[in-house]
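Step one of this worksheet: look at the structure below.
So you know, we letter chains A, B, ... as the sequences are listed, proteins then strands, and number each from 1.
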2 protein chains.
Amino acid sequence: MRGMSLSSPPWVVPLNTASATPVYVQVARGLAARIEGGDLADGTALPAERELAGTLGVSRVTVRQALALLAQQGLLTRRHGSGTFVHAPAPERAPRPLGLLTGFSDDIRSRGQTPGARVLGFECAHPTPREVMTLALSPTDTVYRVRRLRTADGEPLAVEESTLPASVMGPLSEDDVTDRSLYGLLAARGLSPVRAVRHLRAVNAEPELAGWLGVSPGAALLATERVSWTADGRPIEHARAHYRGDRYDFVMELHGGRTG
Amino acid sequence: MRGMSLSSPPWVVPLNTASATPVYVQVARGLAARIEGGDLADGTALPAERELAGTLGVSRVTVRQALALLAQQGLLTRRHGSGTFVHAPAPERAPRPLGLLTGFSDDIRSRGQTPGARVLGFECAHPTPREVMTLALSPTDTVYRVRRLRTADGEPLAVEESTLPASVMGPLSEDDVTDRSLYGLLAARGLSPVRAVRHLRAVNAEPELAGWLGVSPGAALLATERVSWTADGRPIEHARAHYRGDRYDFVMELHGGRTG
DNA sequence: GAGTGGTCTAGACCACACA
DNA sequence: GTGTGGTCTAGACCACTCC
């Protein structure tokens, strides 16, 4: 018994009943932190719901609500009749992080590779009719258009073409986009996208694209088109990209609602 | 009072407490049927939870469990302090459908087309090493494997192969997957996925796939792989699909909030 | 203030897993 | 059989919305 109070078991979590955040959320967050922090190893069995409830001083229903939340997030697995087990996000189980609201550079870095860019074209022009639609512009507005070959560890991976409204973006030069993350630049100017709609298709490579990417004409490419909006609801970017099908794997995680 | 018993209000649902299916699932299914059948129009306010509980003769907690299920599926919207409202899947409300936690059938319907399926293969077998990993199985477990040609308005659109653990899924026959939505079947058994990880790549069509899909060998296909989990954290499906690149456009919406 | 959903409790019984 | 999660109950208080 000596010294046990110095380190409480990993499923003991501080609770504040006076707090505005519900107790079951506090329990869930506490356990999630212990799981992600490695205090609760993968496969570990949690105490029984009744015991956990007693230890934490809450009702079993509250514990169940917390556990349901974590199971929904994939951090726990519940097996009727045998118990509740930790399902830690082991690095080797999630070989690649998720393609989310990030730009190419972050995406590649999160795969453990080094992103690069080579500018193929830079212009300041009027928007195409399509860009007028997607970026909510008038035909007389001006836009920046950047075309870059994107590389991962020096190998060609994608050709990316971005269009940004000059009115929202502010001044932009070719140097700004050479070997720099466009999303990083947007963030530096307080224009980080908070919402985006992205389309994905599969296309056969045209000769010009095939040449840039180092694949045979006709090779399968993942074609994406994305429109991003800033927090105040203005469109900030219309990006079109063609990824090498043999080197790029788009990953996403989808969640349903919550139990409540 | 005369004649009222002839047509009960649309939220009154038959219950069988002796049945093996939980009461809250019965309530949810009953309401879902009335919503999808049009008896409960879009925007309609449901009776208060306490009232619904009294009418149905169950506790409020049970009602809440049913409503949570439906809200999770997007059939209801709950507004704290004002009420619970029907959120019928109106086709015109979603001008741009999003590829989300839905199956092929819902996906195609939301595009205004009619989904179809032709079973190419059905088997009950042991999992492959890869399936052992992704579905957290042991090599001696049994899985159902379904391979189907999926059509939209009668035109071939994708070849889809799903693997489902027999232990979680329960009995499954070939008839269950002929011209039926697999996700619909999962929902009917209370196994709706609440979380999924999906990979997308672009590949060139192999001759066999090309034949099924009616494209030339080498045509670009959108290859997706998806693992779905139920609310209790058990993997329920490992699906691999190849979509025609010229006919399918995967759309998703990303938000800045949290995604994982 | 009246009515709504959101949270929480303390108990009970059932169904499943494992020895 | 014993212990586990799954379901269900009757009642309570809080927080929010709307009048």
Assuming nearest nucleotide by heavy-atom distance, tell me which of E51(A) and V63(B) is located more 5' along DNA chain D. E51(A)
Starting from P on dA15(C), measure out to CG on D232(B) and report it in whole angstrom. 18 Å
To the nearest Å, give me how far apart NE2 (H80(B)) and C1' (dG3(C)) are. 11 Å
Mind calculating the distance between CZ (F85(A)) and C1' (dC18(C)) to the nearest angstrom? 11 Å
With a non-hydrogen cut-off below 4.0 angstrom, is R50(B) in contact with a base, only sugar-phosphate, or nothing? base
Quiz item: cation-pi between R79(B) and F85(B), 6.0 Å / 45°: yes
Whole-Å distance between dG3(C) P and L46(B) CG? 18 Å
Please figure out whether P47(B) or S59(A) has its closest DNA chain C nucleotide nearer the 5' end. P47(B)
With heavy atoms under 4.0 Å as the rule, sort R79(A) into base, sugar-phosphate or nothing. sugar-phosphate
Just wondering, are more than 12 heavy atoms of other shown residues or ligands nearer than 6.0 Å to CZ in R150(B)? yes
Please check: side-chain N/O of H238(A) versus main-chain N/O of R226(A), any donor-acceptor pairing under 3.5 Å? no
Beyond-backbone contact of R148(B) with L182(B), side-chain heavy atoms, under 4.5 angstrom: yes
Test item: Q26(A) side-chain N/O and T21(A) main-chain N/O as donor-acceptor pair under 3.5 Å: yes
For A48(B) and for R60(A), locate the closest nucleotide of DNA chain C by heavy-atom distance; then report the residue assigned to the nucleotide nearer the 5' terminus. A48(B)
Chain A footprint on DNA chain D, 5' to 3' - any atom under 4.0 Å from a heavy atom: dG3(D) to dT7(D)
Base-pairing assignment for dA2(C) (Watson-Crick or G-U wobble, both under 3.5 Å): dT17(D)
For the backbone of E51(B) and the side chain of T55(B), can you confirm whether one donor and one acceptor N or O come within less than 3.5 Å of each other? yes
